[in-house]
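Report on the structure given below.
The analysis underlying the following values was restricted to heavy atoms, covering all of them including side chains, and did not include hydrogens, waters or symmetry mates. Counting convention: from 1, in listed order, for ligands and their atoms alike. Just so it is clear, the structure is predicted and the values come from calculations on it, not from any experiment.
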Amino acid sequence: MDDCIFCKIASGDIPADIVYQDEQVVGFRDLNPQAPTHVLVIPKKHIATLNDLLPEDEEIVGRMVGAAREIAMREGIADAGYRTVFNCNEQGGQTVFHIHLHLLGGRPMTWPPG
Ligand code: AMP
């Protein structure tokens, strides 16, 4: 997608602080971190929202979760714990329409989320 900021990060057209990359997904630090560790894991494939997932995309979503696990280990937050979040559409708080898994850690999380 030409006008998608996360596609441009995945292709290297705009810079990001990339902490993880494999053939299907990229992980990079959020520009406006909400926790000491705040990484976004995105698929290289453009998928606008969770509502747009196709059955064949399930492997990609599994890869995103696996990448979040790997990053949590590398960041040293795995044992203490962390939160993973997908926001979907307006009421879910989604502002960038290329799916992304937030990985948040390094502080206690509260529940329910706002
Ligand atoms: P969401 O509100 O779930 O759509 O999350 C979008 C996230 O993307 C927000 O936490 C933003 O701070 C983050 N974000 C937007 N643009 C960039 C960027 N260029 N690099 C890193 N993070 C970004």
Item to check | Distance in Å, H46 NE2 paired with I99 CD1, rounded so as to fall on 0.5 Å steps | outcome: 9.5 Å

Item to check | Carboxylate-amine/guanidinium contact R29 D17, below 4.0 Å | outcome: yes

Checklist entry - Taking any residue with a non-hydrogen atom under 4.0 angstrom from an atom of ligand 1, which ones do you get? => result I5, F6, I9, F28, R29, D30, L31, N32, L40, N87, G93, Q94, T95, V96, H100, H102

Checklist outcome for this item: One should read off an interatomic distance between D52 CG and C88 SG, to the nearest 0.5 angstrom, of 8.0 Å

Item to check | Test: R74 and E70 ion pair at under 4.0 Å | outcome: yes

Checklist entry - Does H100 have its ring centroid less than 6.0 Å away from the ring centroid of H98? => result no

Checklist entry - Tell me, do D30 and V39 make a side-chain contact under 4.5 Å, heavy atoms counted? => result no

